[in-house]
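No hydrogens, no waters, no symmetry mates; every other heavy atom, side chains included, goes into these values. Proteins come first, then strands; the chains are lettered A, B, ... in the order of their sequence lines, and each starts at number 1. It should be emphasised that the depicted structure is a prediction, and the values quoted were computed from it without experimental measurement.
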Amino acid sequence: MKILFMGTPAFAVVSLDALVAAGHGICGVVTKKDTPQGRKMRLTPPPVKTRAKELGLPVFQPDTLRDEAFSELLCRLDPELIVVVAYGKILPASVLSYPPRGCVNVHGSLLPAYRGAAPMQRSLMDGQETVGVTTMMMDEGMDTGDMLLTRTYRPGENECFGSVSDALARLGADALTETLRLMEAGSLVRVPQDGRLATFAPKIEKSEETLDFSLPARVLHNRIRALSPAPLCRTFTPGGALLKIVSSSLPGLAAAGEAGEVLTDGGNLLVCCGDGQTLEITELLPEGKQRMKAADYLRGRKLKKGDRLGRKEN
RNA sequence: CGCGGGGUAGAGCAGUUGGUAGCUCGUCGGGCUCAUAACCCGGAGGUCGUGUGGUUCAAGUCCCACCCCCGCAA
C-alpha cells in the first residue's frame, strides 16, 4: 500500500520500521520540525526523521498542515493511506479526507480510555494494571475514531513509563501491520467508541513533577514511574538541593512519621508518606550528578534519618 | 558566548589557610558463628578528567586552556 507516514518520537520509529519491513511503500514521512534541545539549544532532528533518512525515505517537516503548500504536497505524494503515530499535531479535515483508505492512528491506550496526549503516563499514574494500544480510523475528534485492533500489556509493579512505552511501541507496530493486512484483505472491522466511557489523558504539567509526600505512598510511586525516565519527579533535600527520583518501590511497611521524613540512615532509602505507608526510593538523580542507586547516594551521607524531603522552602 | 553543579581507589563522598590522599560500601584473605547481608582482624586497589601548561621549595588544593558528565531554562 502506498502510505504517507506521520510521526515524531522514538515510539513512532518502531511502527515506521514495521511498515517498511512489511513491504509497504512509504511515499513520504512527515515529522515535526527540528527543535532546539539540550544545554546548548542545539537544533535536534526528531527520531523519526533520523530513521527515515537512514531508510532513504523522503522527509517533510511542514510548519502547518493547513496551508496550500501541504495540500499540494499531499496531491503530489498521493497516498492511499495515511498512518499517524505520535505525530504531535492535529490533522485538519482536508488531510483526513484525502486518502481513499483514510487515516489510521496508533494510540497508546485502550480506547476509549485515555484519549489525548499522554495516555501511557496517565495510565501508569492511575495505577492501571492493564494498559495497551489501539489502532483506529481517525476522525476530526481527539482520538474519537472507530477502533480497529488492540493489544494489551501488563506492566510490572515497578515498571516505568520508558519501559512501557518501548513495549507498547512494539505492540503498536504489531497491531498496525495487522490492521493494514486486514484492510487489504477487506476484513477490517470498525468498532465505534462508546463516548460515555471516554476518559482523558492531558499532557503532563510541570507542577505534577513535584512530589507531595502527604499523598499516599502508592500514588507517589505511580507518579514516579509514570514520569521516569523523563521528565522525572522531583523533591528537595532539607538543604534545598533538587533531587530527582528515578525509581521507587512499595515495601509495604507502615511507619509512624511525618510526611516526607527519611526513616533510615543507610542502606535503603525509606520515606514516610501521608497514608502512613513507606515509599522506598531506589534510584535518584541529584542536581548536577549522575543518576545513582539510593544506597550509593546515602553512602555520601547527604541524608540522614529524620531529615524531611519535600517542597523547596521559600 | 543563556545560568549553574561536578569530574579524587570498583561505587558514593571528604580533603581544612597548598606540604605526595582519607571515609562509607564493595572486593580479596583470615577469624568468630548452627548460620548470616551481622561482627572482628588484615590486605589489595588512586599518574587526584586532560595538558611532558603556569605560579611555587612544594598543588588534589591557586592560575590558564581544553575534554567529558549533569541540573535549570527552552
Side-chain angles (χ1 to χ4, degrees), chain A residues 7-12 31-50 61-64 86-90 116-118 121 157-158 160-163 165 202-213 220 223-253 255 260-271 278-314:
Chain A
T8 302
F11 183 87
T31 189
K32 290 220 281 191
K33 306 196 74 170
D34 296 10
T35 53
Q37 288 186 344
R39 261 172 292 278
K40 302 248 161 108
M41 292 302 279
R42 269 207 316 254
L43 219 51
T44 307
V48 162
K49 177 183 181 180
T50 304
Q61 299 176 280
D63 284 315
T64 176
Y87 172 52
K89 287 191 181 192
I90 304 290
Q121 293 95 323
E157 279 262 319
N158 299 328
C160 72
F161 161 64
S163 169
S165 176
K203 69 178 183 184
I204 306 297
E205 285 181 35
K206 187 143 205 125
S207 60
E208 298 177 81
E209 293 171 16
T210 300
L211 294 175
D212 175 0
F213 284 101
L220 292 163
R223 178 162 311 184
I224 286 166
R225 64 198 190 105
L227 298 188
S228 181
L232 294 178
C233 284
R234 51 181 71 200
T235 188
F236 295 89
T237 67
L242 172 65
L243 215 54
K244 289 193 149 194
I245 310 303
V246 177
S247 62
S248 59
S249 65
L250 294 170
L253 301 170
E261 185 176 340
V262 175
L263 301 167
T264 46
D265 252 327
N268 299 334
L269 177 48
L270 298 175
V271 183
T278 55
L279 177 74
E280 178 179 357
I281 293 171
T282 49
E283 276 180 290
L284 46 72
L285 172 61
E287 183 175 8
K289 302 298 254 182
Q290 306 280 89
R291 62 182 50 188
M292 63 184 76
K293 297 240 172 75
D296 287 339
Y297 180 74
L298 292 180
R299 220 158 266 133
R301 291 178 274 184
K302 289 296 178 54
L303 276 181
K304 55 187 184 303
K305 186 174 180 177
D307 282 348
R308 287 190 67 183
L309 296 175
R311 299 172 191 285
K312 186 163 193 162
E313 306 184 17
N314 28 347

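Legend: salt bridge (charged side-chain N to carboxylate O under 4.0 Å, His left out) pairs involving residues 280-292 of chain A, not counting sequence neighbours: none detected.
Applying the Watson-Crick and G-U wobble criteria (two distances, each under 3.5 Å), B:A14 pairs with nothing in any strand. The partner of B:A65 is B:U50, judged by Watson-Crick or G-U wobble contacts that both fall below 3.5 Å. Across the strands present, B:G42 finds its partner in B:C28; the criterion is a Watson-Crick or G-U wobble pair with both atom distances under 3.5 angstrom. Pairing for B:G4 is with B:C70, a Watson-Crick or G-U wobble pair whose two hydrogen-bonding atom distances lie under 3.5 Å.
Between the base of B:G2 and the side chain of A:R39 there is no donor-acceptor pair shorter than 3.5 Å.
Taking atom C1' in both B:G60 and B:A14, one finds a spacing of 12 Å when rounded to whole Å. Taking atom P in both B:U50 and B:G43, one finds a spacing of 29 Å when rounded to whole Å. A distance of about 15 Å separates the C1' atoms of B:U24 and B:U8, rounded to the whole Å. Annotation: B:A11 and B:G49 have their P atoms spaced 14 Å apart (nearest Å). Comparing the P positions of B:G12 and B:G18 gives an interatomic distance of 29 Å, to the nearest angstrom. Using atom C1' as the reference point in both B:C40 and B:U33, the two lie 12 Å apart (nearest Å). B:U61 and B:U20 have their P atoms separated by 14 Å, with the value rounded to a whole Å. Comparing B:G30 with B:U16, their C1' atoms are spaced 37 Å from each other, to the whole Å.
For B:G7, the OP1/OP2 oxygens have no side-chain nitrogen or oxygen of A:K289 closer than 4.0 Å. Contact annotation: A:K206 reaches the phosphate of B:A73 (side-chain N/O to OP1 or OP2, under 4.0 Å).
Whole-Å rounding puts the A:M292 CE to B:U24 C1' distance at 14 Å. A:R299 has its CZ atom 7 Å from the C1' atom of B:U24, to the nearest Å. Protein atom CZ of A:R234 is 16 Å distant from nucleotide atom P of B:C70, rounded to whole Å. The OH-C1' distance, from A:Y297 to B:G12, rounds to 11 Å in whole Å.
Within the 4.0 angstrom heavy-atom criterion, no nucleotide atom of any strand lies near A:K293.
Side-chain proximity of A:L285 to B:C70, B:G12, B:A73: nearest is B:C70.
Counting heavy atoms from C-beta outward, A:D63 and A:K33 have side chains that approach closer than 4.5 Å. Residues A:L309 and A:I281 form a side-chain contact, since some pair of their non-hydrogen atoms from C-beta on lies under 4.5 Å apart.
Residue A:I224 forms a side chain to side chain contact (heavy atoms under 4.5 Å, CB included) with just one option from A:I245, A:T235, A:L232, and that option is A:I245.
Judged by distance alone, the side chain of A:K32 and the main-chain N or O of A:P9 form no donor-acceptor pair under 3.5 Å.
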